[in-house]
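Right, one structure below, let's go through it.
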Number of protein chains: 2
Amino acid sequence: MRVSELSRRSGVSVTTIKYYLREGLLAPGRQTSATQAEYDDQHLRRLRLIRALTGVRGLSVTTTREVLDALAAHTGDTHLLLGLTLGSVSLSGESAEQDPATGEVAAFVEELGWQVHESAPARATLAEALTSLHSLGVPMDRHTLLPYARLAERIAVLDLDQLDGLTDPLAAAERALLLTVLLEPALMALRRMAQENESARRHAP
Amino acid sequence: MRVSELSRRSGVSVTTIKYYLREGLLAPGRQTSATQAEYDDQHLRRLRLIRALTGVRGLSVTTTREVLDALAAHTGDTHLLLGLTLGSVSLSGESAEQDPATGEVAAFVEELGWQVHESAPARATLAEALTSLHSLGVPMDRHTLLPYARLAERIAVLDLDQLDGLTDPLAAAERALLLTVLLEPALMALRRMAQENESARRHAP
DNA sequence: TAACATGGATAGTGAAGGTATCCAATCGTG
DNA sequence: CACGATTGGATACCTTCACTATCCATGTTA
């Protein structure tokens, strides 16, 4: 198919597709002549993926490219992919200085017995959030955080269960990405609704 | 205290403070003369809150104002506050048309037995995420989603437990806000680390 | 009283994420 | 094969957001 059809089928304007091509989010089509290129279903799928990451999750174009590059590079070792570039989601601008809670997070991860890469961005994300909460007078010590971590373990089990049976490593990596990133807003929405429900249960029995 | 001290104590520049005043995120100080105003600890606290919401969580200035307004308006009925304006976090631009998965979400909430307001933004967030996943070939039916929802219930219990003992309704409302919004990145970071751990456990026993 | 700070207003900045316009080459239809 | 529409490619422009800088008249303080 050519650009106009790709545009029609994806709902993304031709100029925006050109923009994504320029930015390297989308691979160029197969050239059929000097001024003509052919696109296939892979491009359509990729385009849908881009829109999902930028739209639903609000990732920046830069982060999206990094995530997609990581997907291409690490197909195969799925668990390296999980949470790879995704930690940089919360803040696009890197904070150069180390967060004061970094050591606390390391100790906590150790206490949990988790095997987590030393440089996992999620560590910094957690540290930053805890520091911020602390500065606003909300404690969140080990004791408070522990049950949350245990529930996170069970969520992770559910996540990994959904990758079972996918033998194609490309498909598995892509699904891992989708489940990690796109399920986040869904889980947070479930949490907010559950909070409302629990609050109603407690305050109006 | 005057502006310069507020700036020094909060780490926010005077010009930015002026900007927040203009945008209505921060209440004006008490005028002591025609061209002088006095700020107090409430202003400092509010300023820290603003920076936490915009910085850690990446909320836009507009959304932050809406959240803070909701906080001021609904102090007292905490469970109305929870998830009130917060649903609009995922997408700043409202999608005027209704998501096709809206009905499915309503049925799911019913099945769970949750008491959730009909117009809760979290419903739309969930619907949007499910639609997006569906269009990318990841099923996420009721059956798959149910265990996630049950874990969300338990997270909500932990959340609400932390509001116990706070008798001051203002403090309770503010803590509810902090726990809902600022804990999100922390929970997602825990999830990603737990995924990495679980993946390591499964693939390299 | 003179240097400096303040509140208030207005204009400017830089990044992000597109959008619009041109152009020459090419395709497809008659 | 002629001719209008489409395409790829390049460049310039636009809008929004979150600040930031500059002015200025008034006020405070040493």
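Treat the numbers as computed from the prediction; the structure is a model and nothing was measured. In what follows, chains are A, B, ... by sequence order, proteins preceding strands, each numbered from 1.
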In whole angstrom, what separates [X]'s [atom1] from [N]'s [atom2]?
X        : N       : atom1 : atom2 : result
Glu23(A) : dA15(C) : CD    : C1'   : 12 Å
Tyr19(B) : dT13(C) : OH    : C1'   : 13 Å
Leu47(B) : dC19(D) : CG    : C1'   : 14 Å
Glu66(A) : dA16(C) : CD    : P     : 12 Å
Leu6(A)  : dT7(D)  : CG    : C1'   : 13 Å
Arg65(B) : dC19(D) : CZ    : P     : 13 Å

Inset, instruction - Ignoring the backbone of Arg22(A), work out which of dT20(D), dA12(D), dG17(C) is nearest its side chain. - result: dA12(D)
Inset, instruction - Select one nucleotide: of dC19(D), dT19(C), dT20(D), the one nearest the side-chain heavy atoms of Val61(B). - result: dC19(D)
Side chains of residues 14-24 of chain A: which donor-acceptor pairs under 3.5 Å do they make with residues two or more places apart or in other chains?
residue, atom, partner, partner atom, Å
Thr15(A), OG1, Ser13(A), OG, 3.1
Thr16(A), OG1, Ser13(A), OG, 2.8
Tyr20(A), OH, Arg51(A), NH1, 2.8

Legend entry - Most 5' of Arg51(B) and Thr32(B) on DNA chain D, judged by nearest nucleotide: Arg51(B)
At under 4.0 Å, does any side-chain N or O of [X] touch on OP1 or OP2 of [N]?
X        : N       : value
Ser13(A) : dT19(C) : yes
Ser33(B) : dT28(D) : yes
Tyr20(B) : dC19(D) : yes

Inset, instruction - State plainly whether the residues Glu5(B) and Arg2(B) are in salt-bridge range, i.e. N to O under 4.0 Å. - result: no
Legend entry - Salt bridge Arg142(B)-Glu104(B), side-chain N to carboxylate O under 4.0 Å: no
Report all interatomic pairs (protein N or O, nucleotide N or O of nucleotides 3-8 of chain C) with separations under 3.5 Å.
residue, atom, partner, partner atom, Å
dT6(C), OP1, Ser4(B), OG, 2.7
dT6(C), OP2, Ser4(B), OG, 3.4
dG7(C), OP1, Ala37(B), N, 3.1
dG7(C), OP1, Ala37(B), O, 3.1
dG7(C), O4', Thr35(B), O, 3.4
dG7(C), N7, Lys18(B), NZ, 3.2
dG8(C), OP1, Gln31(B), OE1, 3.4
dG8(C), N7, Lys18(B), NZ, 3.3
dG8(C), O6, Lys18(B), NZ, 3.2

Legend entry - Divergence of helical axes at both termini of the helix from dT1(C)-dA30(D) to dG30(C)-dC1(D) - five pairs an end, 10° steps: 0°
Legend entry - Student check: side-chain heavy atoms of Leu71(B) and Leu49(B) closer than 4.5 Å: yes
Legend entry - Listed partners of Asp161(A) passing salt bridge (charged side-chain N to carboxylate O under 4.0 Å, His left out), at least two apart: Arg202(B)
Legend entry - Approximate separation, where rounding is to 0.5 Å, of Leu182(B) CG and Leu136(A) CG: 6.5 Å
Legend entry - Polar contact flag, side-chain donor to acceptor under 3.5 angstrom, Glu153(B)-Trp114(B): yes
Inset, instruction - Tell me what Thr16(B) touches on the nucleic acid: a base, only sugar-phosphate, or nothing, going by heavy atoms under 4.0 Å. - result: sugar-phosphate
Inset, instruction - Mind jotting down which residue pairs meet the side-chain hydrogen bond (donor to acceptor under 3.5 Å, both in side chains) criterion with at least one end in residues 163-173 of chain A? Sequence neighbours excluded, please. - result: none
Inset, instruction - Among residues two or more places apart or on two chains, list those pairs meeting salt bridge (charged side-chain N to carboxylate O under 4.0 Å, His left out) that have a residue in residues 25-43 of chain A. - result: Arg9(A)-Asp41(A)
